[in-house]
2 protein chains.
Amino acid sequence: MLQGNICELSENDSLNHYRFPSIIPGWLDELVFMRILVLGADGYLGWPTSIYLSAKGHQVGVNDNFARRTYDHELGQESLVPISTLKRRVDTWRKVSGEDLETYIGDLTDADFTHSMIAKFNPDAIVHFAEQRAAPYSMIDRAHCVYTQVNNVVGTLNILYAIAEINPDIHLVKLGTMGEYGTPNIDIEEGFIEIEHKGRKDVLPFPKQPGSFYHLSKVHDSHNIAFATKIWGLRSTDLNQGVVYGHTTEQTDMHPELATRFDYDAVFGTVLNRFIVQAVIGHPLTVYGKGGQTRGMLDIRDTLACIGLALDNPADKGEYRVFNQFTEQFTVKEIAELIARTFPSDVKIDHLDDPRVELEEHYYNAAHTKLLDLGLQPHLLSDTLIESLFGVVQKYQHLVDLDAINPSVSWRATQSPVRNDQKGMVVS
Amino acid sequence: MLQGNICELSENDSLNHYRFPSIIPGWLDELVFMRILVLGADGYLGWPTSIYLSAKGHQVGVNDNFARRTYDHELGQESLVPISTLKRRVDTWRKVSGEDLETYIGDLTDADFTHSMIAKFNPDAIVHFAEQRAAPYSMIDRAHCVYTQVNNVVGTLNILYAIAEINPDIHLVKLGTMGEYGTPNIDIEEGFIEIEHKGRKDVLPFPKQPGSFYHLSKVHDSHNIAFATKIWGLRSTDLNQGVVYGHTTEQTDMHPELATRFDYDAVFGTVLNRFIVQAVIGHPLTVYGKGGQTRGMLDIRDTLACIGLALDNPADKGEYRVFNQFTEQFTVKEIAELIARTFPSDVKIDHLDDPRVELEEHYYNAAHTKLLDLGLQPHLLSDTLIESLFGVVQKYQHLVDLDAINPSVSWRATQSPVRNDQKGMVVS
């Protein structure tokens with residue numbers, strides 16, 4: 001076991017080896033530096049992250065319960081780009097790269113499963129994507145709200161307990177969201193803010209104003225992780241990620257069976273991907289309200305790079321740290337105009353009544369220097385990327401389900417239909 | 001229905017009648033001003049609050065699922081002062097006061113039950129005590145942590161959905177805790193703080209640093225309530241309560257069968273009540289660590305008064321407001337010294353290793369003016385009150401279970417025995 005050798009070399013500091021570059025030229029090419037367990041590895045970002053880390057030479061374990069694929073069935077929707085089963089993805093990756101991905105099928109809300117998976121895989125780090133991640137899904141009705149909060153919060157609590165009991169040195173890299181902060185009228189800092197108040201000072205958690213029951217679940221997670229890290233001396237990184245766009249990565253491009261999902265519907269589609277689909281099929285771009293909503297955004301390839309950087313530079317023992325994981329901020333209207341400008345034919349922009357309760361115009365300036373300081377080289381949003389996305393979508397445009405695009409879930413209602421074309425479809 | 005007449009008098013503002021004094025001398029004595037549903041009405045504070053509000057002339061409904069009594073069985077513990085069943089309490093109150101308490105037995109995590117109870121009782125206001133409320137209980141192990149967070153968060157979500165669907169004007173008065181704030185090195189404000197940062201200003205939620213999985217559940221609730229209030233235009237008051245001491249109120253004193261519970265064990269006993277029991281039975285007062293932990297505290301009679309004031313002055317439509325509900329702040333050591341000084345015989349003070357992870361000495365200065373502004377006349381902690389508590393405990397000192405007093409639940413462990421005398425007692 002080369003891993004064993006490395007451990008001996010750095011026996012005085014079991015984390016030293018994390019700080020070597022992951023791939024060393026020559027005979028050490030196949031050296032395994034870390035055992036990394038990716039939770040939610042069958043999802044939009046979980047899958048590309050898993051094979052990215054595997055390609056870097058880490059020993060990667062993958063976990064999923066296929067909740068995301070079940071939401072598709074529930075909503076009568078599917079990824080625009082066809083995706084293979086996890087089994088086939090793992091098999092294809094083995095053929096392409098020669099690397100195995102140890103696979104764990106199960107639900108993180110099942111504490112026994114979670115504990116035994118972590119004990120068995122014995123990871124150095126865990127990357128945790130495995131949460132219900134769509135704000136509109138959490139706002140469908142009471143059952144979806146409660147499901148989202150219980151699923152996300154309990155899954156994360158089970159992980160924290162398992163880490164504390166099995167090996168508190170396991171570095172937890174958890175996906176949070178920039179949406180935890182909301183849109184305050186002051187600059188957003190990375191997790192914490194120094195407050196001067198009545199002649200005294202303290203550095204305190206940045207106040208949270210999340211905008212959906214999903215975003216709230218991430219705020220609950222953040223508070224739970226910070227506390228568990230403190231009492232049990234864990235190592236935790238909370239990545240408050242912006243809106244991700246893009247579809248292909250160096251690894252997913254290696255074989256069609258390695259493709260990740262591409263969502264464009266009003267429930268799970270992120271804004272830029274959705275606009276691309278609308279442009280290609282000749283549907284007006286659907287801007288909610290005035291479109292002055294400003295959000296941090298990033299390229300899917302930067303998601304992978306950020307996670308790699310967080311893993312290579314683990315949190316200290318007892319440290320709960322927060323990185324704001326995005327590279328640029330745009331208003332929704334700017335994104336729409338950029339896509340309209342880039343697309344070769346005419347594109348109409350529609351302003352719909354905003355189904356959400358949010359400020360449609362507001363101040364927004366969020367810090368995002370910590371990942372740059374670790375060496376992130378951002379892929380900024382360019383015409384080239386947008387044109388390549390047009391290409392992806394054009395290939396599958398015959399599969400687009402127009403009725404899934406316009407929003408049906410209203411923040412102001414306690415019960416919404418999940419699709420405008422099937423109002424009688426009861427999902428609870 | 002006199003209630004109907006009042007509603008007609010104030011038809012332009014359905015809340016105007018809340019602002020009348022609740023009891024008007026003369027023929028209007030029995031006038032019912034509000035229908036108030038008390039959730040968790042069988043508990044330490046829920047029961048005295050229910051009969052206090054009934055005595056004020058409100059139509060009171062009471063709900064409980066007897067979770068608190070079940071915890072007693074689980075921990076092999078019981079209230080020092082014997083308490084009657086809820087049925088007997090309600091019957092006794094009817095005999096003593098002539099007032100009925102409509103009773104709803106059920107669990108708030110059962111959404112159908114919660115919805116139908118609120119629809120049927122049709123309250124003007126809901127007072128929500130119905131949560132697992134002990135920090136050590138939430139820290140026993142994973143199962144107790146998850147139970148506490150799911151029970152508290154889901155119950156409150158179900159209430160919010162029911163209010164929004166049945167009548168968004170129902171005023172929700174929710175018990176939070178001062179423990180949501182933790183012990184920052186700046187003054188604690190009431191729920192919100194104006195922050196000036198890099199030349200800009202905003203009023204934002206006060207940053208939260210809760211110190212147990214229980215306290216975390218209250219933070220999660222606060223975020224959920226603030227959001228639901230905003231999107232659905234609800235009326236919500238979050239009472240961040242300090243540590244309550246005392247046992248009797250004007251109403252519980254009217255009959256022995258109306259007594260509320262008195263806890264002194266390390267899991268559910270609040271600090272002053274526990275010290276009183278220790279002094280009476282000749283056990284050293286158990287101060288955790290240095291005892292410099294400062295907490296806001298209040299007399300049980302002020303809890304009732306504060307809830308009455310919040311109800312009489314409801315939140316505006318769409319308003320989520322926070323009152324810090326305590327009257328004085330003390331260090332744990334000051335409380336111990338006060339009791340040692342007041343008790344006629346010698347009292348020893350023991351400093352145990354702190355089973356919690358918390359600062360044992362820290363700055364603490366928390367605002368608490370909003371309830372005073374509404375007219376609260378505090379019962380400050382006095383020798384008289386302490387002497388009367390000595391009396392209560394002396395009457396039942398033969399029932400004290402010494403083994404239940406010393407803490408067994410450690411914050412640093414992921415699994416603790418619930419009692420020191422029965423380490424093999426498995427409760428999950």
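Below, chain A is the first sequence line, B the second, and so on; all start at residue 1. For the numbers below, each heavy atom of this structure counts, side chains included, while hydrogens, waters and symmetry mates do not.
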Novice: Can you tell which part of B:A413 gets under 4.5 Å to a heavy atom of chain A, answering side chain, backbone, both or neither?
Specialist: backbone
Novice: Quick test of your reading of the model: are A:R321 and A:D238 salt-bridged, counting only N-O distances below 4.0 Å?
Specialist: no
Novice: Can you see whether A:Y137 engages A:E74 through a side-chain donor-acceptor pair at a distance of less than 3.5 angstrom?
Specialist: yes
Novice: Which distance, rounded to the nearest 0.5 Å, do you find between the OG1 of B:T183 and the OH of B:Y364?
Specialist: 8.5 Å
Novice: Could you tell me which portion of B:W411 (side chain, backbone, both or neither) has an atom closer than 4.5 angstrom to a non-hydrogen atom of chain A?
Specialist: both
Novice: Given the options B:V153, B:I195, B:V150, which has more heavy-atom pairs under 4.5 Å with chain A than any of the others?
Specialist: B:I195
Novice: Can you tell me if B:S212 and B:H215 form a side-chain donor-acceptor pair at under 3.5 Å?
Specialist: yes
Novice: Regarding B:K370 and B:E189, does a basic nitrogen lie under 4.0 Å from an acidic carboxylate oxygen?
Specialist: no
Novice: Flag the one option from B:K208, B:E196, B:Q149 with the top tally of heavy-atom pairs under 4.5 Å to chain A.
Specialist: B:Q149
Novice: Heavy-atom pairs under 4.5 Å with chain B: which of A:V357, A:V154, A:V203 has the most?
Specialist: A:V357
Novice: Quick check on A:A226 against chain B: is it the side chain, the backbone, both or neither that has a heavy atom closer than 4.5 Å?
Specialist: neither
Novice: At a 4.5 Å cut-off on heavy atoms, which part of A:L160 comes close to chain B: side chain, backbone, both, or neither?
Specialist: neither
Novice: Can you tell me how far NE2 of B:H362 sits from CG of B:N185, rounded to the nearest 0.5 angstrom?
Specialist: 10.5 Å
Novice: Can you tell me which of A:R412, A:Q415, A:H220 forms the most heavy-atom pairs within a distance under 4.5 Å of chain B?
Specialist: A:H220
